[in-house]
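These notes are about the structure you will find just below.
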Amino acid sequence: MKDHIKKEIIKVLKEIYNLSDAEDIVEIQKTSNKHVSSDYFTNISMKLAKTLGEKPNQIAETIVASIDSDKNYKVWVAKPGYINFTLNQSVKNNIVPEILKSTNLLTSVETKNVKNIIVEFVSANPTGPLHVGHGRGAIYGNIISKYLEIQGHKVHKEYYVNDFGNQINKLVISVFSKIDKSIAQGYSELYEGNYINDISDKIQEFIKNKGWSITIKSILENNEHSKKLEACRKIIVNSILENIRDSLGKLGIVFDDWFSESMLFEGNLVDKTIARLKETGKTIKKDGALMFNDDEPRVLIKSNGEYTYFASDLAYHDKKMREFDRVINIWGADHHGYVNRVCKGLESLGHDIDKLDIHLIQFANLYRGKEKVSMSTRKGEFVKLDTLLQEIGIDAINYFYLMRSKDQHLDFDLEVAVSSNKNNPVYYIQYAHARIEKILSQVPNYEEFEFDHKNLKNKQEGDLVDQLANFSDICKKSIINLKPQIMTNYLYDLSQLFHGYYASERIIKDEINYSQVYLLAAIQKVVKCGLETINIQAPKEM
RNA sequence: GCGCCUGUAGCUCAGUUGGAUAGAGCAUUAGCUUCCGAAGCUAAAGGUCAGAAGUUCAAAUCUUCUCAGGCGCUCCA
């Protein structure tokens, strides 16, 4: 209908004003103002006022006078020159059967340009269980991947495992020092927490089973035992990774690959990447270290010969850039200072930086009522993601982490998230779905009756129909632009309209208006579809 | 000091490509059950869109500056 109106306007403009570029300047917009009872409007007369030297109102009247009359809508002018189009309600009502007939409500977001995309997210260091600080990135990365899949792209979800370097050594020391306290000497800020104790038990059992009759200290310090140390290191890292994988699995997050940093070194990829970087002349030697010469020199190889995180990260990204059409990283906002460095490095390696998309996620604060929940990672006193899941459930986790733009700091109130009332948007939306289910179950034969577009007349029905008609646009905005919060907001608004309607209009009555039942069925279908796209269940009863 | 994000009602936040009188929820106040789930609904009240200047017929939205908050600027990862 929008396109039809646009064509009509263009036609008129060409006739009256002989405008050759009418196609480019005519815009038909959806009316969002609540005080104006129109569905679409155009601002074309304001745009033309200057060049034509006429008042916008006058131009609008002239255009309207030339528009062929159409049964489907009314055209009218409003100051200072808006041309409004009010669609006939019963024509709009046809969205209801259209939705019900559709086998896939999301076809409008499908792409013709299918790409091979890697989404890397979470990638928390394997030095402890996931805590609530990891939650937002995990849920966000998962939905971004899903959104890209809905669009038809080939998506590869990857977790980058930093199992190389200092923090892993520190982890090993932390575990070993539980067996022999003297090992901790000389180290500060070792990892603490029950999980460290659990793993040290595991190591002790492993050593016992192997029948090794050597001290834990000698495994660590004696070079003869380097293979034994390596075996222990693997057990430690793997048991943490298992825990992480398990936590993510409970959240419905499954990765296609867990790519390990040490693989980069085993395959000499880091050296190869650095060698290529050297060829570009962008590296310098300074104070015995090899540096990438960006705005500021950035260390690749330390003066003691160790590689920095930056070095292996460049190798990793180099690999991703070669293997995929589009590379997406989900990082915490605290990494933003690092973005430029990686981009510059990749550019020097000859990559098209437009292929790389780094999503920085702002931090989320958890509250229990007014009290802020501490996220301190010191001494293991953090709230684990598992604990959060147990407390509020998977649906609330998804919704609350997705309800705000990634650029927005997020305040997440646990008391609201566990409440079973209208204060909790998740319950409110799910309740709408369940309420409709209850009604539909009482008229199981409704499909034997015809939908009549003339039988939805009141204001609330009109508002609901408009909101249903918006769904396709909302999907585009949310799914194509990768903005889940647009979906959560839409579903909340739709539920609100529904609950108001439900309270004022009785559906099951002596003479049932089956068109109303169809309307509810369409609402339910849209709610369900919307919830599914953001990984939330649509319960039939609750 | 430099960089990124944010600033809209008492609180938490929507606000589409710049459009008409600024939108919800919470909290507050006043109401609504012989009836499909009150796990709900209706209404009132609440605004210097951080501030200033600019662009425009039109600015919460774009530009510049100022102020405030969060985060980052290691031979850390």
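Convention: sequence-line order gives letters A, B, ...; per-chain numbering from 1.
- Each of A/Lys286 and A/Asp407 lies near RNA chain B, and the nucleotide nearest A/Asp407 is the one positioned closer to the 5' end.
- With a cut-off of 3.5 Å on both Watson-Crick or G-U wobble distances, the partner of B/G31 is given as B/C41.
- Here the side chain of A/Gln496 is nearest to one of B/A38, B/A24, B/C57, namely B/A24.
- Nucleotide B/U55: unpaired (no Watson-Crick or G-U wobble partner with both distances less than 3.5 Å).
- Side-chain nitrogen and oxygen atoms of A/Arg435 include at least one within less than 4.0 Å of the OP1 or OP2 phosphate oxygen of B/A38.
- As rounded to the nearest Å, B/G40 and B/C4 have P atoms that lie 44 Å from one another.
- B/C36 is unpaired under the Watson-Crick or G-U wobble criterion, no partner having all donor-acceptor distances under 3.5 Å.
- Nucleotide B/C75 is matched to nothing when pairs are restricted to Watson-Crick or G-U wobble geometry with both distances under 3.5 angstrom.
- Comment: A/Asp295 engages A/Lys344 in a salt bridge, judged by a side-chain N to carboxylate O separation of less than 4.0 angstrom.
- Comparing B/G25 with B/A50, their C1' atoms sit 23 Å apart, to the nearest whole Å.
- Side chain of A/Asp318 to main chain of A/Leu314: no donor-acceptor pair is present (N/O by atom type, distance under 3.5 Å, no hydrogens or angles).
- Under the Watson-Crick and G-U wobble criteria, each requiring two contacts below 3.5 Å, nucleotide B/G46 is left unpaired.
- Look at the P atom in both B/C71 and B/C75: the space between them is 22 Å, to the nearest Å.
- The side chain of A/Arg506 approaches B/C35 more closely than any other nucleotide in the set B/A77, B/C4, B/C35.
- Under the Watson-Crick or G-U wobble criterion, with both distances below 3.5 Å, B/A22 has no partner in any strand shown.
- Residue A/Asn43 is classed as a base contact, given a heavy-atom separation below 4.0 Å to a base.
- Aromatic ring centres of A/Phe121 and A/Tyr159 lie farther apart than the 6.0 Å criterion allows.
- Looking at A/Asp334, its side chain has no donor and acceptor atom pair within 3.5 Å of the base of B/G72.
- Ring-base stacking between A/Tyr82 and B/A20 is satisfied, the centre separation being under 5.5 Å and the plane angle under 30°.
- Just one residue in the list A/Thr86, A/Ile83, A/Ile9, A/Ile63 forms a side chain to side chain contact (heavy atoms under 4.5 Å, CB included) with A/Val75, and that residue is A/Ile83.
- Closest to the A/His336 side chain, of the nucleotides B/C35, B/G3, B/A38, is B/G3.
- B/U34 shows a glycosidic angle more than 90° from 0 and is accordingly assigned anti.
- When the nucleotides B/U56, B/A20, B/C75 are ranked by their closest atom to the side chain of A/Lys50, B/U56 comes out on top.
- Residue A/Glu296 places its side chain closer to B/C73 than to any other of B/C75, B/C73, B/C4.
- In this model, the phosphate group of B/U21 is not approached by any side-chain N or O of A/Lys34 to a distance below 4.0 Å at OP1 or OP2.
- Comparing atom distances between the A/His35 side chain and each of B/U21, B/A77, B/C26 picks out B/U21 as nearest.
- A salt bridge is absent between A/Glu541 and A/Lys438: the closest approach of a Lys/Arg side-chain nitrogen to an acidic carboxylate oxygen does not fall below 4.0 angstrom.
- No engagement by A/Ala49 is indicated, since no non-hydrogen atom pair under 4.0 Å with the nucleic acid exists.
- Using a cut-off of 4.0 Å between Lys/Arg side-chain N and Asp/Glu carboxylate O, A/Glu27 and A/Lys47 are scored as salt-bridged.
- On the C1' atoms, B/G15 is 13 Å away from B/A59, given to the nearest whole Å.
- If you check B/A77, B/G25, B/A20 against the side chain of A/Tyr338, the one that comes closest is B/A77.
- Donor-acceptor pairing under 3.5 Å, judged by distance alone, is present between the side chain of A/Ser303 and the base of B/C75.
- Distance from the side chain of A/Gln362 is smallest to B/C5 among B/G19, B/G23, B/C5.
- Between B/A60 and B/A22, the distance separating the two C1' atoms is 8 Å to the nearest Å.
- Residue contacts for A/Asp163: at a heavy-atom cut-off of 4.0 Å it reaches no nucleic acid atom on any strand shown.
- A donor-acceptor contact under 3.5 Å is not formed by the side chain of A/Asn33 with the base of B/A22.
- Using a 4.0 Å heavy-atom cutoff across all strands shown, A/Glu261 reaches no nucleic acid atom at all.
- Salt-bridge annotation for A/Lys30 and A/Asp473: present, with a side-chain N of the basic residue lying under 4.0 Å from a carboxylate O of the acidic one.
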Heavy atoms under 4.0 Å is the rule here; annotate nucleotides 7-14 of chain B 5' to 3' with B where the base is hit, S where only the sugar-phosphate is, and - elsewhere. -----SSS
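- Among B/A38, B/A77, B/C26, the nucleotide with an atom closest to any side-chain atom of A/Thr308 is B/A77.
- Look at the P atom in both B/A24 and B/A9: the space between them is 15 Å, to the nearest Å.
- A salt bridge between A/Lys459 and A/Asp463 is present, with a side-chain N of the basic residue lying under 4.0 Å from a carboxylate O of the acidic one.
- Contact check, A/Tyr428 against B/C41: a side-chain N or O comes under 4.0 Å of OP1 or OP2.
- Exactly one residue among A/Phe363, A/Phe412, A/Tyr140 makes a ring-ring contact (aromatic ring centres under 6.0 Å, His included) with A/Tyr401. That residue is A/Phe412.
- Judged by Watson-Crick or G-U wobble contacts below 3.5 Å, the nucleotide B/G7 has B/C67 as its partner.
- Both A/Asn421 and A/Lys302 lie near RNA chain B, and the one whose nearest nucleotide falls closer to the 5' end is A/Asn421.
- The side chain of A/Lys170 places no N or O atom within less than 4.0 Å of a non-bridging phosphate oxygen (OP1 or OP2) of B/C76.
- Taking atom C1' on both B/C49 and B/A68, the two are 16 Å apart, rounded to the nearest angstrom.
- Ion pairing between a basic and an acidic side chain is recognised when a charged N comes within 4.0 Å of a carboxylate O; A/Arg368 and A/Glu391 show such pairing.
- Spacing between B/G10 and B/A27 at atom C1', rounded to whole Å, works out to 8 Å.
- A salt bridge links A/Lys509 with A/Glu505: at least one charged nitrogen is closer than 4.0 Å to a carboxylate oxygen.
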